[in-house]
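Only this structure's heavy atoms are used, side chains among them; waters, hydrogens and symmetry mates stay out.
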Amino acid sequence: MSLTDRDQGAASAPASPPAGSRRPGPTVADVVRALTTGALPVRVTGYDGSAVGPADAGITLSIRSERGLTYLLTAPGDLGMARAYVGGDLALQGVHPGDPYEALRVLKDELRLRTPSLAEGLALVRGLGWERLVPPPPPPQEAQPRWKRLMNGLRHSRARDSTAISHHYDVSNAFYEKVLGPSMTYTCAVFRSPDDTLEQAQAAKYDLVAQKLALKAGMRLLDVGCGWGGMVRHAAREYGVQALGVTLSRAQAEWARAAIEREGLTGLAEVRHLDYRDAPREQFDAISSIGLTEHIGVRNYPAYFGALSDRLRPDGRLLNHCITRADNHAPHRSGAFIDRYVFPDGELAGPGRVVSEIHDVGLEVQHEENLRLHYALTLAGWCRNLVAHWDFCVSEVGPGTARVWGLYMAGSRLAFERNGIQLHQVLATRNGPEGASGYPLRPDWLA
């Protein structure tokens with residue numbers, strides 16, 4: 001299925017100059033040949049009628065306009081391709097836009113790029129026209145570059161964090177309902193078997209968190225970065241816990257409050273539109289953080305884990321669930337596509353850094369596990385949902401935003417499968433006097 005078939009008229013730039021009016025010079029195929037080496041694993045076609053690559057390739061990349069070519073030339077790498085793809089100037093045939101996983105896999109594994117010599121580069125630019133070096137305005141889905149975000153405050157200030165969270169989460173609750181499914185859970189699920197449904201796996205994840213935290217009726221739980229209140233509602237409904245969730249997304253908080261009322265959980269479960277730093281300073285029996293750490297900034301880990309520790313009673317437990325780098329050598333900041341289109345200001349550290357920071361605020365790590373492959377399965381499930389509800393999602397958020405999500409989720413799935421990123425749950429206790437933690441000799445949730 002092709003983007004061209006699904007998104008008629010998506011590219012607002014002209015598709016091709018009138019016959020006879022095009023400046024003689026390099027074709028799109030010439031440019032592709034200059035930037036790649038070896039056999040192409042895909043077919044590439046251009047707005048000028050040129051083509052390169054095997055005619056029987058399962059996947060075709062169509063550069064549909066001059067603007068698309070300029071995006072690719074002025075922002076090499078994932079950002080240029082993302083701009084052209086999101087804007088409708090680059091189309092993929094052979095995969096569905098809700099799940100372009102196979103195209104991304106083939107390009108990653110088999111496409112070989114090269115940097116042209118200076119002479120080759122100058123010849124291409126002269127032939128194409130120097131205007132090709134002027135970047136077109138990016139698609140409206142793109143966030144401002146990092147330096148421009150200073151207008152919203154310093155990185156990870158309250159105001160700037162609020163803007164970043166809104167960019168990603170305040171898209172459309174109706175859109176998220178279709179992509180995430182009935183659980184409205186936007187974090188890694190836990191699969192007992194690859195055959196588990198997404199709903200079964202999300203319920204299993206919440207049960208695993210609850211059991212690690214040893215939740216029991218009458219206990220008080222704080223869930224920071226609570227999303228649409230999935231953990232809060234699960235803990236209240238299944239364990240009789242008094243659960244409070246906080247989120248920086250107003251849309252999430254509104255949806256969660258309605259769900260709490262609809263499910264008859266008022267009085268046990270509550271969700272507030274609140275920064276985690278402003279959560280009540282009461283002593284909670286347990287704290288869960290499921291998918292918040294990625295948003296707070298690595299340099300803020302000490303303050304973040306310190307704030308959670310301060311709200312935890314002695315013998316209480318903290319469960320921190322977050323995406324990490326595979327090692328401590330990778331840069332903390334995300335790549336250009338993720339930063340501009342998905343998680344502005346998002347940062348990841350290695351799992352060792354997370355464990356160390358938890359220890360350094362006085363908590364004791366009792367258990368840690370990597371759920372990397374579970375996240376790959378989760379993302380595959382979300383992509384299936386997006387494919388199944390593609391027409392609705394496009395009508396709800398527009399074709400550009402829908403394409404962002406398909407690209408982001410399929411690319412993230414590949415990254416988890418290839419161990420580019422991981423997902424770690426870290427369980428820690430706040431010990432009382434003389435080192436008492438209340439933690440059993442062996443993990444009680446495995447008994």
Side-chain angles (χ1 to χ4, degrees), residues 96-101 141 165-191 194 196-209 223 225-235 237-238 245 247-260 262-263 265 269 271 288-292 294-295 321-323 338 341-343 346 371 374-398 401-413 415-416 423:
H96 192 287
D99 187 8
Y101 170 84
Q141 291 80 11
I165 292 295
S166 180
H167 176 88
H168 188 69
Y169 293 104
D170 294 346
V171 175
S172 160
N173 283 334
F175 170 83
Y176 281 113
E177 285 173 350
K178 296 299 185 184
V179 174
L180 303 180
S183 74
M184 281 293 273
T185 300
Y186 186 27
T187 47
C188 175
V190 173
F191 291 79
D196 285 353
T197 68
L198 187 57
E199 290 306 303
Q200 289 171 330
Q202 290 294 10
K205 184 267 300 297
Y206 286 136
D207 260 340
L208 179 62
V209 172
D223 185 41
C226 68
W228 290 271
M231 182 64 204
V232 167
R233 290 180 288 120
H234 187 90
R237 182 178 59 250
E238 304 297 331
T247 173
L248 264 180
S249 167
R250 190 178 301 277
Q252 286 182 334
E254 291 172 353
W255 192 98
R257 289 169 187 152
I260 287 168
R262 184 171 63 249
E263 295 173 19
L265 297 173
V271 169
S288 53
S289 175
I290 308 174
L292 174 60
E294 299 91 331
H295 296 288
H321 167 123
C322 70
I323 302 170
I338 294 294
Y341 286 90
V342 186
F343 293 115
L371 299 173
H374 295 259
Y375 217 151
L377 291 170
T378 304
L379 287 154
W382 290 340
C383 280
R384 285 194 297 270
N385 286 344
L386 181 55
V387 169
H389 301 288
W390 179 256
D391 291 338
F392 174 88
C393 290
V394 168
S395 69
E396 186 68 20
V397 300
T401 298
R403 281 194 290 268
V404 167
W405 277 82
L407 185 62
Y408 143 63
M409 293 192 298
S412 296
R413 172 189 168 187
F416 278 109
L423 187 290

statement: Nearest heavy-atom approach of V271 to A256 is CG2-CB, 3.7 Å
- prompt: Any side-chain heavy atom of V404 sitting closer than 4.5 Å to one from V397?
  reply: no
task: Work out which heavy atom in L386 is nearest to a heavy atom in A402; give both atom names and the distance.
output: CD2-O, 4.0 Å
message: Run the salt bridge (Lys or Arg N to Asp or Glu O under 4.0 Å) test against R237 and tell me which residues pass, sequence neighbours left out.
response: E263
- request: Just say parallel, tilted or perpendicular for the rings of W390 and H96, cut-offs at 30° and 60°.
  value: perpendicular
- prompt: For the residue pair G98 and V387, what are the closest heavy atoms and their distance?
  reply: C-CG2, 3.8 Å
message: Between T378 (side chain only) and A189 (backbone N and O only), is there a donor and an acceptor less than 3.5 Å apart?
response: yes
field: Polar side-chain atom of E199 near backbone of S183 as donor-acceptor pair, under 3.5 Å
entry: yes
query: Would you find a donor on one side and an acceptor on the other, under 3.5 Å apart, between the side chain of H374 and the backbone of F191?
result: yes
- line: One should read off an interatomic distance between W228 CH2 and Y176 OH, to the nearest 0.5 angstrom, of 5.0 Å
query: Residues two or more places apart in sequence or in another chain: which of them pass ring pair (Phe, Tyr, Trp, His ring centres under 6.0 Å) with F175?
result: W405
field: Spatial distance of atom CG (L377) from atom CZ (F416) [nearest 0.5 Å]
entry: 11.5 Å
- line: CD (E294) and OG (S289) are apart, to the nearest 0.5 Å, by 8.0 Å
- line: Across all chains, not counting sequence neighbours, the ring pair (Phe, Tyr, Trp, His ring centres under 6.0 Å) partners of H234 are Y206
field: Separation between OG of S172 and CZ of F392, rounded to the nearest 0.5 Å
entry: 6.5 Å
- request: List the atom of G406, the atom of C383, and the distance in Å for their closest heavy-atom pair.
  value: O-SG, 4.5 Å
- prompt: Taking the side chain as C-beta and beyond, is there a heavy-atom pair between I323 and Y375 under 4.5 Å?
  reply: yes
- request: Working to the nearest 0.5 Å, report the span between CG of N173 and NZ of K178.
  value: 13.0 Å
- line: What one should report as the nearest heavy-atom pair of N385 and L180 is ND2-C, 4.0 Å
- prompt: In Å and rounded to the nearest 0.5 Å, what is the CE to OG1 distance from M231 to T187?
  reply: 10.0 Å
message: Looking at every non-hydrogen atom in both residues, tell me the closest pair between G225 and L292 and how far apart they are.
response: N-CD2, 4.0 Å
Side-chain touch V179/M409, heavy atoms, less than 4.5 angstrom: yes
